[in-house]
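This report concerns only the one structure given below.
Quick note: numbers below take in every heavy atom, side chains included, and nothing from hydrogens, waters or symmetry partners. Just so you know, these numbers come straight off a predicted model, no measurement behind them. Here is the naming used below: chain letters follow the sequence lines, and residue numbers restart at 1 for every chain.
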Protein chains: 2
Amino acid sequence: MSNLELKVLDQDEAAVACCSPMVREPLGEEAAVDLAKMFKALSDPVRLRLLSLIASHEGGEACVCDLTGPFDVSQPTISHHLKVLREAGLVGSERRGTWVYYWVLPAALAKLSALLQAPAAAGGSR
Amino acid sequence: MSNLELKVLDQDEAAVACCSPMVREPLGEEAAVDLAKMFKALSDPVRLRLLSLIASHEGGEACVCDLTGPFDVSQPTISHHLKVLREAGLVGSERRGTWVYYWVLPAALAKLSALLQAPAAAGGSR
DNA sequence: CGCCTGTATCGACAGTTGTCGAAACAAGAA
DNA sequence: TTCTTGTTTCGACAACTGTCGATACAGGCG
């Protein structure tokens with residue numbers, strides 16, 4: 001299959017295209033429920049730091065063993081937060097031998113970022 | 001004072017500049033706590049729809065009486081959600097005569113949007 | 001095989017959240 | 001003033017969340 005890379009690009013562009021800034025038109029009820037789940041996954045300091053740790057890690061991915069150190073919470077709690085991020089569609093994960101690796105799914109972040117874009121800031125109005 | 005407009009621009013640009021994408025470097029502990037509060041305010045479907053209703057309303061602001069109709073929840077509940085959005089710094093409000101008006105603070109949305117920007121989607125890596 | 005290390009799940013518990021009805025407050029009208 | 005309408009606050013309650021220790025699972029190594 002040579003369309004693997006294209007598929008990734010399509011995914012990203014679709015994510016951006018599907019969600020115009022929420023300041024343009026009212027959000028639908030279903031869309032709001034869906035997006036709220038993603039934002040809820042981002043609504044905890046530990047999860048935010050986990051996400052940025054994973055994303056900024058060398059190679060774009062990190063194993064759980066790299067992620068438990070920087071936090072004051074227990075290892076089961078880290079595992080729980082990673083599960084929340086995964087079920088929200090913000091990260092992917094895979095077991096490779098002894099370790100489990102996590103990486104960020106850029107399309108999901110791009111989707112939320114586009115949604116929050118505020119044209120008023122660029123236009124200079126108000 | 002003729003620097004009123006400049007002040008607004010400064011505010012917006014500072015918000016964008018202060019928060020480079022979280023995928024670039026790990027988030028600090030304090031910054032994560034701060035940002036998590038904003039995302040928590042966005043983590044409810046009713047609040048997301050309220051925010052988009054306010055932002056997309058004519059003139060960029062809406063009175064509470066415009067906001068209670070589209071929802072199935074009681075009016076005190078709407079008032080509660082508006083309070084959450086206000087305390088998170090996402091909207092401003094003002095009483096004008098009988099009615100109370102709410103508007104979106106673009107700098108706050110821009111800050112979160114910039115934080116979530118995912119360079120991997122543009123670079124095409126992974 | 002048994003042991004060790006890395007990770008996930010379980011069960012429990014305190015704290016928080018979304019929701020409601022009732023009541024209070026704000027401001028204009030009669 | 002009293003009445004009416006728009007909005008917020010209060011008190012209560014069920015549901016959810018973050019955290020922990022204990023335990024279970026997965027896989028490599030002796």
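- Using a 4.0 Å heavy-atom distance criterion, B/R47 is classed as a sugar-phosphate-only contact.
- If you find the closest nucleotide of DNA chain C to A/D66 and to B/V73, the one lying nearer the 5' end belongs to A/D66.
- The backbone N or O of B/L27 lies less than 3.5 Å from a partner atom in the side chain of A/S52, making a donor-acceptor pair.
- B/F71 comes within 4.0 angstrom of nothing in the nucleic acid, heavy atoms only.
- The shortest distance between the side-chain N/O atoms of B/Y101 and the OP1/OP2 oxygens of D/dT7 is not below 4.0 Å.
- Side-chain contact check for B/I54 versus B/E61: every heavy-atom pair is 4.5 Å or farther apart.
- The shortest distance between side-chain heavy atoms of B/L42 and B/L90 falls below 4.5 Å.
- If you measure from atom CD of A/E94 to atom C1' of D/dG27, you get 15 Å, rounded to the nearest angstrom.
- Spacing between atom CH2 of B/W99 and atom P of D/dT4 amounts to 18 Å, rounded to whole angstrom units.
- Contact annotation: the side chain of A/W103 never approaches that of A/V91 to less than 4.5 Å [non-hydrogen atoms, C-beta and beyond].
- Protein atom NZ of A/K37 is 16 Å distant from nucleotide atom C1' of D/dT17, rounded to whole Å.
- In terms of modelled atom types and a separation under 3.5 Å, the side chain of A/R95 and the main chain of A/G97 share a donor-acceptor contact.
- Applying the 4.0 Å criterion to OP1 and OP2 of D/dC20, one finds that A/S74 has a side-chain N or O inside that range.
- Remark: P of D/dT17 and NZ of A/K83 are 12 Å apart, rounded to the nearest angstrom.
- Here B/T77 lies in heavy-atom contact (under 4.0 Å) with a base.
- Among the protein residues, A/H80 comes within range of the nucleic acid bases, having at least one heavy atom under 4.0 Å from a base atom.
- The closest donor-acceptor contact from the side chain of B/R47 to the backbone of B/A41 lies under 3.5 Å.
- When DNA chain C is scanned 5' to 3' for any atom under 4.0 Å from a heavy atom of chain A, the first and last hits are C/dG6 to C/dT9.
- At whole-Å resolution of the value, CG in B/D44 and P in D/dA15 are 17 Å apart.
- Remark on DNA chain D: of its neighbouring residues A/V84 and A/T98, the 5'-side contact belongs to A/V84, judged by nearest-heavy-atom nucleotide.
- In this structure, A/S79 reaches the bases: a heavy-atom distance under 4.0 Å links it to at least one base atom across the strands shown.
- No side-chain N or O of B/S43 forms a donor-acceptor pair with one of A/S43 less than 3.5 Å apart.
- In this entry the distance linking NZ of A/K40 with C1' of D/dT17 reads 9 Å, nearest Å.
- Between the CZ atom of B/R96 and the C1' atom of D/dT7 there is a distance of 15 Å, given to the nearest Å.
- A straight line from CZ of B/R95 to C1' of D/dT8 spans 9 Å, rounded to a whole angstrom.
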